[in-house]
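Here the structure is laid out as structure tokens; the discussion comes afterwards.
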Amino acid sequence: MKKQILFLVLAILTLPVCAQSNLRSVAELTSDTSAWPLLLEDIKTAKNKIEILPASNGKDALYQTQVTTHSNMGAVIYFTSGILVDNGWIRILGSGSEKLKRSLPGWNKGKSFNELGEQPAFLLIADDADGGLFAINGGKFGTDMGKIYYLAPERLKWEALHIGYTEFLNFCWYGDMNQFYDGLRWKKWKEDLKKVHSDQAFNFYPYLWTTEGKDINKVTRTVVPMQEVYDFLTETMKTIKP
């Protein structure tokens with residue numbers, strides 16, 4: 001797997017910089033060397049299918065997130081409206097567009113923070129067609145700040161991946177998706193995925209964390225908004241121990 005040199009402090013640690021009123025301007029956030037050229041070089045050699053969605057509201061999304069383009073996260077937000085991985089199975093959040101309407105700050109508002117400048121306890125950075133959620137730990141999940149956690153729909157709990165944002169991107173470019181999603185892809189998943197918008201996900205019944213839902217080829221699959229999946233999973237976690 002190709003490695004890349006980090007030029008940044010993890011983006012999650014830059015979010016609380018302006019908890020007062022003096023938020024950094026877009027000019028300040030883009031003044032340093034950009035991480036985007038190196039990311040593009042990595043994407044060119046990616047093993048998995050990668051689709052870069054053209055940036056649409058990069059300036060607004062970058063300002064709202066308060067990360068610099070010197071960081072990989074800031075570069076993704078500023079230079080793309082999102083990135084689709086493995087035929088759109090994974091959706092990495094950027095600035096939002098018609099094909100992936102959810103920007104990173106827009107998707108997190110009301111979930112990990114309420115007002116611009118707040119320090120979030122976690123930050124949602126991507127999700128997948130199974131309804132799984134990827135988030136950076138800002139303190140919610142433990143002391144490993146800046147590390148990625150995955151809310152697995154078949155386990156109904158946040159699990160540590162022991163990687164940071166840059167390593168997560170490398171996983172998206174080069175990782176073995178079939179291995180990571182072993183048991184979470186059915187025989188015709190590629191065909192079914194073509195009918196799913198990037199702001200939607202599959203809902204399964206019986207639920208994947210139940211005994212009856214263990215065989216994903218036998219469950220019923222419906223397509224629902226990603227917001228509905230997020231609400232259902234996070235609320236169910238409060239009441240059910242799988």
Side-chain angles (χ1 to χ4, degrees), residues 6-20 23-24 26 29 35-36 39 53 55 57-85 90-96 100-128 131-153 157-172 198-199 201 226-227 229-231 233-235 237:
L6 293 179
F7 296 109
L8 57 112
V9 176
L10 284 170
I12 187 68
L13 300 180
T14 71
L15 286 169
V17 169
C18 300
Q20 298 82 26
L23 295 171
R24 290 176 292 178
V26 172
L29 296 170
W36 184 240
L39 284 178
L53 304 180
N57 299 302
K59 290 183 179 180
D60 289 343
L62 191 71
Y63 178 76
Q64 292 165 14
T65 314
Q66 286 292 295
V67 293
T68 73
T69 53
H70 192 61
S71 71
N72 286 334
M73 179 188 290
V76 169
I77 292 171
Y78 187 71
F79 290 99
T80 83
S81 59
I83 300 176
L84 305 182
V85 180
I90 292 179
R91 299 76 72 96
I92 302 172
L93 300 177
S95 59
L100 177 55
K101 296 181 180 179
R102 295 171 295 131
S103 70
L104 188 147
W107 180 237
N108 276 275
K109 188 173 183 180
K111 299 178 179 70
S112 64
F113 69 89
N114 292 313
E115 299 296 334
L116 183 62
E118 290 180 10
Q119 179 176 357
F122 66 98
L123 195 69
L124 299 164
I125 50 98
D127 45 58
D128 58 46
L133 305 169
F134 296 92
I136 292 180
N137 180 29
K140 176 180 175 67
F141 309 122
T143 58
D144 54 346
M145 300 283 284
K147 296 297 184 179
I148 305 291
Y149 278 69
Y150 179 61
L151 175 52
K157 64 178 182 179
W158 289 100
E159 299 180 323
L161 299 185
H162 307 291
I163 58 175
Y165 186 82
T166 295
E167 294 166 299
F168 170 72
L169 294 182
N170 284 333
F171 160 73
C172 289
S198 298
D199 295 307
M226 195 63 211
Q227 180 67 57
V229 174
Y230 177 87
D231 291 341
L233 289 179
T234 53
E235 288 301 315
M237 286 173 64

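Sequence positions, counted from 1, serve as the residue numbers for this chain.
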Would a 4.5 Å heavy-atom cut-off, applied to side chains only, mark L104 and L123 as touching?
yes

Heavy-atom check, side chain of I92 versus side chain of L169, under 4.5 Å
yes

Answer yes or no: is there a side-chain heavy-atom contact under 4.5 Å between Y63 and L23?
yes

Does N72 reach the main-chain N or O of A75 with its side chain, forming a donor-acceptor pair under 3.5 Å?
no

How far apart are the closest heavy atoms of G82 and L100, and which atoms are they?
CA-CD2, 3.9 Å

Residues K140 and F122: closest non-hydrogen pair is CD-CD2, 3.3 Å

Assess whether side chain to side chain donor-acceptor pair (under 3.5 Å) is satisfied between D60 and Q64, documenting all intermediate values.
CA-CA 6 Å; D60 289 343; Q64 292 165 14; 5.4 Å; no

Charged N-O contact under 4.0 Å between R102 and D127
yes

Please check if the side chain of D128 supplies one atom and the backbone of G132 the other of a donor-acceptor pair under 3.5 Å.
yes

How close do I77 and A61 get, counting heavy atoms only, and between which atoms?
CG2-CB, 3.6 Å

Flag, side chain of S95 to backbone of T80, donor-acceptor distance under 3.5 Å:
yes

Between N108 and K111, is there a donor-acceptor pair closer than 3.5 Å when you use the side chain of the first and the backbone of the second?
no

Give a yes or no on whether the backbone of Q66 and the side-chain of R24 come within a donor-acceptor separation of less than 3.5 Å.
yes

I'd like to know if the side chain of T65 and the backbone of V67 have a donor-acceptor N/O pair within less than 3.5 Å.
no

Contact between K147 and E167 at the side-chain level, heavy atoms closer than 4.5 Å - yes or no?
yes

Using a 4.5 Å cut-off on heavy atoms from C-beta on, say whether the side chain of L53 contacts that of I83.
no

Would you please name every residue forming a ring-ring contact (aromatic ring centres under 6.0 Å, His included) with Y149, sequence neighbours left out?
F141

Going by salt bridge (Lys or Arg N to Asp or Glu O under 4.0 Å), name the residues that satisfy it together with E235, two or more places apart in sequence or in a different chain.
K238

